Amino acid sequence: MGGTFDPVHYGHLRAADEAHAAFGLSEVIFVPTGQPPHKAGEMVSSAEDRYMMTVLATVDCPYFSVSRLEIDKTGKSYTIDTLKQLKSMPEYFDTEFYFITGLDAVLDIVSWKNPEEIMSLCKFVAVSRHGYTRSKMDELPEDLRSAIIPLEIPLLAISSTGLRERVRKERSIRFLVPPSVEHFIRKNSLYKDI
Ligand code: ATP
Ligand code: MG
């Protein structure tokens with residue numbers, strides 16, 4: 001599961017857990033993006049802070065892990081390159097990959113690098129997300145749309161954008177992110193002056 005995770009929240013964690021259960025996955029790897037190609041120019045917390053929060057949020061779940069693949073890369077990160085890199089690792093020889101996204105992200109897929117190739121290398125899952133209806137997928141080209149596996153999950157209307165806004169306005173983010181992530185944000189004064 002790729003993402004900016006700025007910050008990681010219960011929407012991400014629930015989506016990952018739902019996919020884990022629905023497809024009988026052995027592991028969910030969270031891959032915080034380095035320099036997100038879609039967010040150029042926008043304010044993004046440091047890769048290390050986003051990595052740290054993702055580790056804190058996932059540490060007590062035995063089948064969740066976090067990869068440094070993208071954050072250790074200089075320059076832009078593309079899903080296709082990360083996927084190929086993961087698939088070439090000896091521990092993932094013979095592993096079937098599922099790429100987990102929300103319905104909002106999947107609608108952008110036409111703008112990604114080599115979407116058809118991504119689809120050919122993994123199963124592509126689109127979990128439901130508050131504010132997006134599945135019929136939006138009809139706008140995607142047929143070859144991409146037919147390869148996407150939709151997964152209905154309980155909707156949690158949580159977004160990192162909303163959380164950053166809450167912190168900036170000094171509103172509570174309790175019960176929207178794990179306590180450790182909330183403490184990390186406060187301790188490091190993240191999202192104060194965006
Ligand atoms: P931002 O508001 O900064 O874009 P975000 O909350 O969308 O943040 P991302 O890091 O952009 O979080 O998302 C990573 C992945 O998790 C994307 O595929 C996104 O669709 C999915 N996702 C994020 N929040 C939810 C949620 N509440 N429910 C389901 N999927 C989600
Ligand atoms: Mg997003």
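Here the structure is a predicted model, which means the values were calculated and not measured. Start at 1 with the first residue, then count along the sequence. Atoms within a ligand are numbered from 1 in the order they appear, just like the ligands themselves.
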(message) So that I can tick it off, tell me whether Lys73 and Glu70 are bridged by a salt bridge, with the cut-off set at under 4.0 angstrom between side-chain N and carboxylate O.
(response) no

(request) Please round to the nearest 0.5 Å and tell me the distance separating atom OH of Tyr92 and atom CD of Glu27. (result) 4.0 Å

(request) Please round to the nearest 0.5 Å and tell me the distance separating atom NZ of Lys192 and atom CG of Asn188. (result) 11.5 Å

(message) Give the atom numbers and elements of ligand 1 that come within less than 4.0 Å of a heavy atom of Ile158.
(response) 24 (N), 27 (N)

(request) To the nearest 0.5 Å, tell me how far Ile158 CD1 sits from Phe175 CZ. (result) 12.0 Å

(message) For Glu117, is there an ion pair with Lys84 - N to carboxylate O distance below 4.0 angstrom?
(response) yes

(message) Quick check: do Glu152 and Glu18 have side-chain heavy atoms less than 4.5 Å from each other?
(response) no

(message) Side chains of Asp6 and Tyr191: any donor to acceptor distance under 3.5 Å?
(response) yes

(message) Quick check on contacts: which atoms of ligand 1 are under 4.0 angstrom from a heavy atom of Asp104?
(response) 19 (C), 20 (O)

(message) Geometry only, no angles: is Ile153 polar-contacting ligand 1 at N/O separations under 3.5 Å?
(response) no

(message) Checking contacts here: is it the side chain or the backbone of His9 that comes within 4.0 Å of ligand 1, counting heavy atoms only? Could be both or neither.
(response) side chain

(message) Using a 4.0 Å heavy-atom cut-off, which part of Ala157 comes near ligand 1: side chain, backbone, both, or neither?
(response) neither

(message) If the cut-off is 4.0 Å to any non-hydrogen atom of Ser128, which atoms of ligand 1 fall inside it?
(response) 29 (C)

(message) Can you tell me if Arg164 contacts ligand 1 (heavy atom of the residue under 4.0 Å from the ligand)?
(response) yes

(message) Is it the case that ligand 1 has an N or O less than 3.5 angstrom from some N or O of Gly2?
(response) no

(message) Would you say that Phe124 contacts Ile109 through its side chain, given a criterion of any heavy-atom pair below 4.5 Å between the two side chains?
(response) yes

(message) If the threshold is 4.0 Å, N to carboxylate O, is there a salt bridge linking Glu48 and Arg68?
(response) yes

(request) Work out whether the distance between some heavy atom of Gly162 and some atom of ligand 1 is less than 4.0 Å. (result) no

(request) Taking only heavy atoms of Thr101 into account, list the atoms of ligand 1 that are under 4.0 Å away from them. (result) 18 (O)

(message) Quick check on contacts: which atoms of ligand 1 are under 4.0 angstrom from a heavy atom of Gly3?
(response) 10 (O), 14 (C)

(request) Report yes if some N/O of Arg129 lies less than 3.5 Å from some N/O of ligand 1; otherwise report no. (result) yes

(message) Below a 4.0 angstrom heavy-atom separation, can you tell me which part of Val127, side chain or backbone, both or neither, approaches ligand 1?
(response) side chain

(message) Between Asp81 and Lys113, does any NZ, NE, NH1 or NH2 come within less than 4.0 Å of an OD or OE carboxylate oxygen?
(response) yes

(message) Closer than 4.0 Å to some heavy atom of Thr4 - which atoms of ligand 1 meet that?
(response) 10 (O)

(message) So, regarding Thr161 and ligand 1 (criterion: nitrogen or oxygen to nitrogen or oxygen, under 3.5 Å), is there a contact or not?
(response) yes

(message) Please list, in number order, the atoms of ligand 1 under 4.0 Å from a heavy atom of Leu156.
(response) 27 (N)

